[in-house]
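In what follows, a single structure is set out as structure tokens and then discussed.
Side-chain atoms are counted along with the backbone in the values below, which use heavy atoms only and exclude waters and symmetry mates. The model shown is predicted, which means the values in this text are computed figures rather than measured ones.
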Amino acid sequence: MIKNNFIIKTLCNFLCLFLGSIFVAACSSTSFENSINAYLTKDVKIKVPAPLFDEEYETTQLLTTNYDGKKNSLIVASTVKKDSLVMVGFTKSYLKLFTATYDRSGFKVDYAVTQSMLPPVNNVLLNVMLCASNHLKDYLPKDFKIKDTNESREIFDNFDNLIYKITYTSKQNHKLPCKIECLAFSYTISIKYLA
């Protein structure tokens, strides 16, 4: 139970912790992982899908989480290539918080704040890859299902319970997520495209 509470707190307070910690510490650090795992549900951990994308594009988004009636926001600039993803996180006043790079060699994060004060970002990366990967079936557990349409992606567990719903929008001929509803951890991420 303690482990599950930590996971939920990690996912739902990710933005709040980034925003708060920038004012507490001003040192930087780097972490690197060549194999990344994250929790899909409270009981199921999977390997994060590889960074393989059909399209290349750059976006700047305002991400807003909603959990237990509380909202927190973060600006993220993303660069997507065929085999890599780079995300740079900022506060709403554009103070840089981190740079995360995911490519074939692994996952590297350069923190502009003390790493120990921040939650692991592997679950955040999983959210991104659940939205973007076209090879998701290769990473889901047996009997988990995906239902894709032009407007949404739904992921069901082995009991046919809906655990994720991702809604998409079209921007400059790209299909991009605009809302992530994680029923497994009871939070929502709304995505507004700034550029």
Determine the minimum heavy-atom distance between A132 and F53, stating which atoms define it. CB-CE2, 3.7 Å

Is a side-chain donor or acceptor of Y57 paired with a backbone partner of S78 at a separation under 3.5 angstrom? no

Enter the distance from I155:CD1 to L136:CG here, rounded to the nearest 0.5 Å. 5.0 Å

For a quick test of reading the model, state the closest non-hydrogen atom pair linking Y39 to Y164 and the distance between them. O-OH, 4.5 Å

Show your reasoning for whether side chain to side chain contact (heavy atoms under 4.5 Å, CB included) applies to E154 and I146. CA-CA 6 Å; E154 295 178 331; I146 304 170; over 6 Å; no

Carefully, step by step, assess Y187 and N127 under the rule side chain to side chain donor-acceptor pair (under 3.5 Å). CA-CA 12 Å; Y187 69 86; N127 274 293; 3.0 Å; yes

Taking every non-hydrogen atom, the tightest pair across F185 and Y67: O-CE1, 3.8 Å

The reported gap from CD1 in I75 to CZ in F90 (rounded to nearest 0.5 angstrom) is 8.5 Å

Go through it in stages, so that I can follow the logic: the residues are I46 and N37, the test is side chain to side chain contact (heavy atoms under 4.5 Å, CB included), and I'd like the CA-CA distance, side-chain angles, deciding distance and then a yes or no. CA-CA 5 Å; I46 66 168; N37 296 300; over 6 Å; no

Would you name the heavy atoms of F156 and K147 that are closest together and state the gap between them? CE1-CB, 4.1 Å

Around K175, counting heavy atoms of other residues, nucleotides and ligands shown, do more than 12 lie under 6.0 Å from its NZ? yes

Nearest heavy-atom pair of A38 and V48: which atoms, and what distance? CB-CG2, 4.1 Å

Greater than 12 external heavy atoms within 6.0 Å of N173's CG: no

L183 with L140, same ILVMFWY side-chain cluster at under 4.5 Å: no

Please round to the nearest 0.5 Å and tell me the distance separating atom CD of E151 and atom OG1 of T149. 4.5 Å

Which value, rounded to the nearest 0.5 Å, describes the distance between K47 atom NZ and N122 atom CG? 13.5 Å

Less than 4.5 Å apart, side chain to side chain, heavy atoms only: is that true for K171 and Y193? yes

Could you check whether T99 and K96, counting side-chain N and O atoms only, form a donor-acceptor pair closer than 3.5 Å? yes

Any side-chain donor-acceptor pair under 3.5 Å between D43 and T41? no

Atom CG in D148, atom CD1 in I166: separation rounded to 0.5 Å? 8.5 Å

Could you walk me through whether E181 and K179 pass the side chain to side chain contact (heavy atoms under 4.5 Å, CB included) check? CA-CA 6 Å; E181 297 172 80; K179 187 175 184 181; 3.8 Å; yes

Show your working on side chain to side chain contact (heavy atoms under 4.5 Å, CB included) between I163 and L40 and close with a plain yes or no. CA-CA 8 Å; I163 56 173; L40 183 65; 4.0 Å; yes

Without swapping roles, check the side chain of Q61 against the backbone of I191 for a donor-acceptor pair under 3.5 Å. no

Tell me if a side-chain donor or acceptor on R153 pairs with a main-chain N or O of L130 at a distance below 3.5 Å. yes

Co-membership, hydrophobic cluster, residues V44 and I180, 4.5 Å side-chain: yes

Under 6.0 Å from the NZ atom of K145, do we count more than 12 heavy atoms belonging to anything else shown? yes

Please tell me if the side chains of L52 and S133 come closer than 4.5 Å, counting only heavy atoms from C-beta onward. no

Taking the side chain from D103 and the backbone from S105, do they hold a donor-acceptor pair closer than 3.5 Å? yes

Side-chain touch T79/T59, heavy atoms, less than 4.5 angstrom: no

When S152, S190, C131 are each screened for side-chain contact (heavy atoms from CB on, under 4.5 Å) with P177, the one that passes is C131

For the atom pair OG (S84) and CZ (R104), what is the distance rounded to the nearest 0.5 Å? 9.5 Å

Closest heavy-atom contact between L125 and M87? CD1-CE, 4.4 Å

Are side-chain heavy atoms of H135 and P49 found at a separation under 4.5 Å? no

So if you build clusters from Ile, Leu, Val, Met, Phe, Trp, Tyr with side-chain heavy-atom gaps below 4.5 Å, do L62 and Y94 land together? yes

